[in-house]
Asker: 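The structure under discussion is supplied below as structure tokens; questions concerning it will follow.
Below, chains carry the letters A, B, ... as their sequence lines are ordered, and counting in each starts from 1.
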Amino acid sequence: MDVMGNMRRTHYCAEVGTEQVGETIVVAGSIAKSRDLGGVVFADLRDTTGILQLAFGDATDAGVFEKAAGLKAEYVVMAAGTLQKRESVNPTLPTGQVELFVTDLRVLSAAETPPFEVRDDIKVKDELRLRYRYLDLRREELHRAITLRSRVAGVVRAYYLAQRFVEIETPMLIKSTPEGARDYLVPSRVQPGRFYALPQSPQLYKQILMLSGFDKYFQIARCFRDEDLRADRQPEFTQIDMEMAFADEQDVRTVNEGLVKAVFEEVLGVELQTPFPCMTYTEAMERYGSDKPDTRFGMELCDVSTVVSGCGFGVFAGAVAAGGSVRLLNAKGLAEKLSRKEIDRLTETAKTYGAKGLAYLRLAPDAETSSYEKFLSEEEKAALRAAAGAEAGDVLLVVADKDAVVFAALGALRLEIAKKQGMIPEDRYDFLWVTDFPLFEYDEDAGRYMAKHHPFTMPKEEDLDKVESDPGACRAKAYDMVVNGIELGGGSIRINDPALQARMFRALGFSEERARENFGFLMDAYQYGAPPHGGMAFGFDRMVALLVGKESIRDVIAFPKVQNAGELMTGCPDLVEEKQLEELQIASTASAEVPEASEAQG
RNA sequence: GGCCCGGUAGUUCAGUUGGUUAGAACGCUAGCCUGUCACGCUAGAGGCCGUGGGUUCAAGUCCCAUCCGGGUCGCCA
């Protein structure tokens, strides 16, 4: 069916203006909106660039006018005509000075009334948007985000290529390794009973590439983790992954500051100051209660452990005695904003992070109330107030517990209060590096130390001798790039000494056999000469979300998954045919116990 | 796995202490309208109140279970 005939697009909708007035042009797209005024018809034509108004009136051929009067939302059309100045300008539209006086109109495809209007200024439930994602993607905001994502990828490629990085694809079907996130598994048909994993990241391959002599590698890589979703976490996501040889921490940071600077400049026109400030992990935790601090506002944590260590309040003194700490936030001048009810709410937040409670002192003008001062002597009260810098109008929020709980709770409260009270300046990008991460993290469930970053991370030189004797005190040559409280990316210098790598595996509780079984190929590879190297990976989805000002990465992914890791448009994951399972030699679950396959949207 | 929020016309929502015929706006349909752009005016259609049980004379409303979506803790080397 040759509906277009010999008609071909000459211009995109939003790429015409007063300069083209008088020209005969052809545009193509979907009808966003039509306004039939009787003797004259207007229709907004939308294509990937934006909107152009089509006009039909007295001078329009009767046949064309009839077609125009029948236009409905989402009809796909081609329109030829003469671009003309409008009688009345629409200042809200980029093409609002002009319109196309249509002389030939072809309806290429009719359309059913969509389940929701294809406009930005309308609220629609996520579920519906995702079920009809192709309609959602027509809406300008999402359409632009996806287009911008492509531009960012272009800038990234151009930047790394200019710096002599080589783009290399690594396999998607790989060996499953323990440690870290749960793998997505793919059964092998050819080798029954065996499984591939989908990569959580190209980590091992990029390290191998460094000792394959490629010097500098990058890839915009899809990664998979079979873990629960969040607003900023999808089971499949995209990383900007890079690695470089003969580099130390500073080299990696400098290259990637340059990358981020280039992206912000070319995509947003925002100039970032480099180098970014650095802050150690310890400092970040002590000051902000977070390893990804939002430094756009203050309200830093205050450690009052020494002040209350011997005090009369058992909760405080006990926490310190047990090796924990007592820290607080001083919500300056917020006594009137933070009512008792509000403090109760904050207490609930603190509890979700494991705190047993939230002690407070509220210095409101009418009355000073406190949940803990009654347990303290006058001197202790005064000392604590002084340590916190408490003044009239302030609220102190105190958590006493293990450090990890104290930091998590106060870090979360700090953000919650700041958000609610509007203390966070928008339109600002506070970048920083968080450095010197712990090398290990004690896992209570596993009863052993686990790698905080991954087991190939180089320890700091000064902590090398503590890998076995005091793992908890070891710091790593690892760094995260943080902006506005978002972890944008992270990386490390890798171990390139097989002997040190073996020590790491031992410290992590790997037996010789287990280490060989899982990482033998890597340990072998490092026997044949490995340059010092390091790298990092950015969360590409998070980066794009940051650039378009979205909280959820779903808003920058064309076809995202929902909380149960399904995809609503196609209805996956879904059951498969018995025959497929037989080929893979996978026992089928009794079909009676399995729910009906969900119907894909047709 | 835990906790919180939501599910009522196509859409977004309202719906009182359980009480007669479940409303609004937008969209949709029909008619009118020659400069609109959130066009306007008139009329109209449109409801398994997520689903299944229960309580009650009576359930959109209360209880239990379950499904779906969102947020979050755990989890995410």
Side-chain angles (χ1 to χ4, degrees), chain A residues 32-44 51-60 65 69 72-73 84-93 95-96 99 101 112-132 135 177-183 200-201 203-204 223-235 237 345 348-355 405 408-409 412 416 437-441 443-446 449-457 476 478 487 490 492 504 508 518 539 551-552 554 561-564 566 568 595 598:
Chain A
K33 181 85 192 169
S34 72
R35 292 174 292 279
D36 183 350
L37 278 65
V40 58
V41 173
F42 299 101
D44 292 338
I51 298 276
L52 176 66
Q53 176 168 280
L54 308 180
F56 307 83
D58 282 338
T60 304
F65 192 88
K72 296 202 287 185
Q84 63 186 20
K85 280 203 145 167
R86 289 197 188 191
E87 282 183 29
S88 53
V89 165
N90 180 352
T92 62
L93 201 63
T95 58
E99 66 189 6
F101 178 78
E112 292 293 320
T113 301
F116 55 86
E117 294 176 69
V118 180
R119 300 172 14 190
D120 276 341
D121 57 340
I122 196 167
K123 272 197 304 176
V124 187
K125 284 195 187 65
D126 285 356
E127 186 179 350
L128 201 66
R129 292 178 55 192
L130 291 167
R131 203 175 291 283
Y132 296 93
L135 297 178
T177 54
E179 299 272 298
R182 196 174 291 119
D183 280 329
Q200 297 177 28
S201 88
Q203 185 61 37
L204 298 179
C223 303
F224 305 84
R225 289 178 192 175
D226 188 4
E227 297 290 349
D228 286 357
L229 283 77
R230 289 284 190 282
D232 63 349
R233 264 168 32 193
Q234 284 270 312
F237 60 101
R345 239 194 298 275
E348 288 310 306
T349 300
K351 282 181 179 170
T352 66
Y353 289 87
V405 170
E416 186 173 324
F437 274 78
L439 187 61
F440 302 102
E441 209 169 24
D443 185 319
E444 311 234 345
D445 295 335
Y449 281 96
M450 309 276 271
K452 168 110 182 160
H453 187 50
H454 56 56
F456 320 108
T457 305
E487 180 195 330
S492 65
M504 278 296 288
L508 289 167
N518 287 307
E551 302 251 319
S552 172
R554 275 194 309 264
K561 296 193 168 40
V562 298
Q563 197 153 24
N564 65 10
L568 296 178
S598 61

Asker: Determine the Euclidean distance between corresponding C1' atoms of G60(B) and G47(B); express it in Å to zero decimal places.
Answerer: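 Comparing C1' positions in G47(B) and G60(B) gives a spacing of 11 Å.
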
Asker: Checking R129(A) now: which residues fulfil salt bridge (Lys or Arg N to Asp or Glu O under 4.0 Å) with it, not counting sequence neighbours?
Answerer: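 So R129(A) forms a salt bridge (Lys or Arg N to Asp or Glu O under 4.0 Å) with D126(A), D136(A), D555(A).
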
Asker: Hunt down the Watson-Crick or G-U wobble partner of C62(B), both distances under 3.5 Å, from any strand shown, or write none.
Answerer: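 For C62(B), the partner nucleotide comes out as G54(B), under the 3.5 Å rule.
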
Asker: For C33(B), which nucleotide in any strand shown is its Watson-Crick or wobble partner with both distances under 3.5 Å?
Answerer: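 Across any shown strand, C33(B) pairs with none.
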
Asker: What are the two closest heavy atoms between F440(A) and Y449(A), and how far apart are they?
Answerer: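 So the two residues come closest at CB-CD2, 3.6 Å.
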
Asker: Atom CE of M450(A) to atom P of G74(B): distance rounded to whole Å?
Answerer: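 Taking atom P of G74(B) as the reference, CE of M450(A) is at 15 Å.
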
Asker: Could you state the CD-C1' distance from E441(A) to C75(B), rounded to the nearest angstrom?
Answerer: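 The answer, rounded to whole Å, is 12 Å.
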
Asker: If I pick the C1' atom on U12(B) and the same atom on C76(B), what distance separates them, to the nearest angstrom?
Answerer: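 It works out to 35 Å between them.
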
Asker: Any base atoms under 4.0 Å from S88(A), or only sugar-phosphate, or nothing? Heavy atoms, all strands.
Answerer: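 If one applies the 4.0 Å heavy-atom cut-off, S88(A) turns out to touch a base.
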
Asker: Between G69(B), C37(B), A38(B), spot the one nearest the side chain of L568(A), thanks.
Answerer: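 Looking only at side-chain atoms, L568(A) lies closest to G69(B).
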
Asker: Inspect the contact between E117(A) and R119(A) and indicate whether a charged nitrogen and a carboxylate oxygen are less than 4.0 angstrom apart.
Answerer: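 A salt bridge links R119(A) with E117(A).
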
Asker: Using atom CZ of R86(A) as one end and atom C1' of C37(B) as the other, report the distance to the nearest whole Å.
Answerer: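 Value for this atom pair: 7 Å.
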
Asker: I want to check one thing: is the phosphate of C26(B), taken as OP1 and OP2, less than 4.0 Å away from some side-chain N or O of K33(A)?
Answerer: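 So the side chain of K33(A) is outside the cut-off, no N or O lying under 4.0 Å from OP1 or OP2 of C26(B).
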
Asker: Closest to the R230(A) side chain: U12(B), G74(B), G27(B)?
Answerer: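 My answer, after comparing the listed nucleotides, is G74(B).
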
Asker: In whole angstrom, give me the gap between the C1' atoms of G7(B) and G15(B).
Answerer: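 To the nearest whole Å, 15 Å.
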
Asker: Would you tell me if any nitrogen or oxygen in the side chain of K125(A) comes within less than 4.0 Å of OP1 or OP2 on U12(B)?
Answerer: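 So the side-chain polar atoms of K125(A) do come within 4.0 Å of the phosphate oxygens OP1 or OP2 of U12(B), strictly under.
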
Asker: Taking only side-chain N and O atoms of N90(A), does any of them lie within less than 4.0 angstrom of OP1 or OP2 on U36(B)?
Answerer: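 False: N90(A) side-chain N/O out of range (4.0 Å or more) of U36(B) OP1/OP2.
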
Asker: Counting only distance, no hydrogens or angles, is the base of U72(B) paired donor-acceptor with the side chain of E348(A) under 3.5 Å?
Answerer: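 A donor-acceptor contact between them is absent.
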
Asker: Can you tell me how far P in G53(B) sits from the matching atom in A30(B), rounded to whole Å?
Answerer: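 The same atom, P, in both gives a distance of 40 Å.
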
Asker: Run the salt-bridge test on R233(A) and D228(A) with the 4.0 Å N-O cut-off and return the result as yes or no.
Answerer: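 No.
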
Asker: Base of G35(B), side chain of E99(A) - is there a donor-acceptor contact under 3.5 Å?
Answerer: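 Result: at least one qualifying N/O pair found.
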
Asker: On a heavy-atom basis, which atom in L508(A) and which in A451(A) lie closest, and how many Å separate them?
Answerer: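 The answer is CD2-N, 3.3 Å.
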
Asker: Which nucleotide sits closest to the side chain of Q563(A): G70(B), C76(B), G27(B)?
Answerer: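 Of the candidates, G70(B) comes closest.
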
Asker: How long is the line joining CG of D121(A) and P of G27(B), in whole Å?
Answerer: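 These atoms are roughly 11 Å apart.
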
Asker: With a 4.0 Å cut-off on heavy atoms, is V89(A) in touch with a base, just the backbone sugar-phosphate, or nothing at all?
Answerer: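 Base contact - V89(A) has a heavy atom under 4.0 Å of at least one base atom.
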
Asker: Please name the nucleotide paired to A14(B) by Watson-Crick or G-U wobble geometry with both distances under 3.5 Å, or report none.
Answerer: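 Across all strands, not a single nucleotide pairs with A14(B).
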
Asker: Judged by each residue's nearest nucleotide on RNA chain B, which is more toward the 5′ side, P114(A) or A181(A)?
Answerer: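 Counting from the 5' end, the first nearest nucleotide belongs to P114(A).
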
Asker: Over all heavy atoms of both residues, which pair between F224(A) and F237(A) is shortest? Give the atoms and the distance, please.
Answerer: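 Minimum heavy-atom contact is N-CE2, 4.2 Å.
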
Asker: Which value, in whole Å, describes the distance between the C1' atoms of nucleotides U8(B) and U42(B)?
Answerer: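 U8(B) and U42(B) have their C1' atoms separated by 29 Å.
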
Asker: May I ask you to say what I51(A) touches in the nucleic acid, namely base, sugar-phosphate or nothing, with a heavy-atom cut-off under 4.0 Å?
Answerer: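 Nothing: the residue I51(A), judged by heavy atoms under 4.0 Å, touches no strand.
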
Asker: Think K123(A) has a side-chain N or O under 4.0 angstrom from the OP1 or OP2 of C26(B)?
Answerer: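 No, K123(A) has no side-chain N/O under 4.0 Å of OP1/OP2 on C26(B).
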
Asker: Calculate the interatomic distance between F101(A) atom CZ and G35(B) atom P; express it in whole Å.
Answerer: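 Computing the F101(A):CZ to G35(B):P distance gives 15 Å.
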
Asker: Answer yes or no: side-chain N or O of R35(A) and base N or O of G40(B) forming a donor-acceptor pair under 3.5 Å.
Answerer: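 Result: no qualifying N/O pair found.
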
Asker: Base, sugar-phosphate, or nothing for A231(A), non-hydrogen atoms under 4.0 angstrom?
Answerer: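 Counting heavy atoms under 4.0 Å across all strands, the contact made by A231(A) is with sugar-phosphate only.
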
Asker: Strictly distance-based, threshold 3.5 Å: is any side-chain N or O of Q200(A) a donor or acceptor partner for the main-chain N or O of A181(A)?
Answerer: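 Side chain of Q200(A) to backbone of A181(A), a donor-acceptor pair under 3.5 Å: yes, one is there.
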
Asker: Quick one: list whatever passes side chain to side chain contact (heavy atoms under 4.5 Å, CB included) with K125(A), sequence neighbours left out.
Answerer: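 K125(A) satisfies side chain to side chain contact (heavy atoms under 4.5 Å, CB included) with no residue once adjacent residues are dropped.
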
Asker: What are the two closest non-hydrogen atoms of A478(A) and T457(A), and how far apart are they?
Answerer: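 Closest heavy-atom pair between A478(A) and T457(A): CB-CG2, 4.2 Å.
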
Asker: Answer with yes or no whether E87(A) presents, from its side chain, a donor or acceptor under 3.5 Å of a partner atom in the base of U36(B).
Answerer: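 Looking at the base of U36(B), it does not pair with any donor or acceptor on the side chain of E87(A) (distance under 3.5 Å).
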
Asker: Using the side-chain heavy atoms of Y353(A), tell me which of these nucleotides is nearest: U8(B), G69(B), C73(B).
Answerer: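 Per side-chain heavy atoms of Y353(A), the pick is C73(B).
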
Asker: Strictly below 4.0 Å: does K72(A) bring a side-chain N or O up to OP1 or OP2 of G27(B)?
Answerer: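 Indeed not, no polar side-chain atom of K72(A) lies that close.
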
Asker: Tell whether D228(A) reaches the base of G74(B) with its side chain through a donor-acceptor pair below 3.5 angstrom.
Answerer: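 Looking at the base of G74(B), it does pair with a donor or acceptor on the side chain of D228(A) (distance under 3.5 Å).
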
Asker: Grab the CG-P distance between D36(A) and A30(B) for me, whole Å please.
Answerer: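 Result: 11 Å.
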
Asker: Is the backbone of R182(A) close enough, under 3.5 Å, to the side chain of E227(A) for a donor and an acceptor to pair up by distance?
Answerer: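 Answer holds: yes.
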
Asker: Write down the partner of G6(B) under the Watson-Crick or G-U wobble criteria, each distance required to be under 3.5 Å.
Answerer: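 Partner of G6(B): C68(B).
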
Asker: Report the base-pairing partner of G47(B) (Watson-Crick or G-U wobble, both distances below 3.5 angstrom), or none.
Answerer: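 Base-paired to nothing in any strand shown.
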
Asker: Please give, in whole Å, the distance from G35(B) P to D44(A) CG?
Answerer: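 Between P of G35(B) and CG of D44(A): 17 Å.
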
Asker: If we take the C1' atom in both U61(B) and U16(B), what is their distance in whole Å?
Answerer: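 Roughly 10 Å separates the two C1' atoms.
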
Asker: Roughly how far apart, to the nearest Å, are A59(B) and C13(B) at atom P?
Answerer: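 27 Å, rounded to whole Å.
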
Asker: What is the pairing partner of A22(B), taking Watson-Crick or G-U wobble pairs with both distances under 3.5 Å in any strand?
Answerer: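 Check on A22(B): unpaired, no WC or wobble geometry under 3.5 Å.
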
Asker: For RNA chain B, whose closest nucleotide is more 5', that of G566(A) or that of A451(A)?
Answerer: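 Residue closer to the 5' terminus by nearest nucleotide: G566(A).
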
Asker: Roughly how many Å is it from CG in L229(A) to P in C73(B), rounded to a whole number?
Answerer: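 Whole-Å distance recorded here is 13 Å.
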
Asker: Respond yes when some side-chain nitrogen or oxygen of R554(A) is under 4.0 Å from OP1 or OP2 of G71(B), and no when none is.
Answerer: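 So the side chain of R554(A) is within the cut-off, an N or O lying under 4.0 Å from OP1 or OP2 of G71(B).
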
Asker: Side chain of R233(A), base of C76(B): donor and acceptor closer than 3.5 Å?
Answerer: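 Result: at least one qualifying N/O pair found.
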
Asker: Considering only heavy atoms and no angle criterion, is a donor-acceptor pair shorter than 3.5 Å present between the side chain of R131(A) and the base of C68(B)?
Answerer: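 Side chain to base: no pair below 3.5 Å.
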
Asker: Looking for any heavy atom pair under 4.0 Å, which part of the strands does P115(A) touch: base, sugar-phosphate only, or nothing?
Answerer: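 It contacts sugar-phosphate atoms only.
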
Asker: Tell me whether F116(A) is stacked on the nucleobase of U11(B), counting only the six-membered base ring and applying the 5.5 Å and 30° thresholds.
Answerer: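 Check failed, F116(A) does not stack on base of U11(B).
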
Asker: Look at the side chain of E117(A) and decide which nucleotide, out of U36(B), C68(B), C26(B), has an atom nearest to it.
Answerer: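 It is C26(B).
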
Asker: Counting any heavy atom closer than 4.0 Å, what does E551(A) reach on the DNA or RNA strands: base, sugar-phosphate only, or nothing?
Answerer: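 No contact.
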
Asker: Using the P atoms only, state how far U29(B) lies from G46(B), rounded to an integer number of Å.
Answerer: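 The answer is 16 Å between these two P atoms.
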
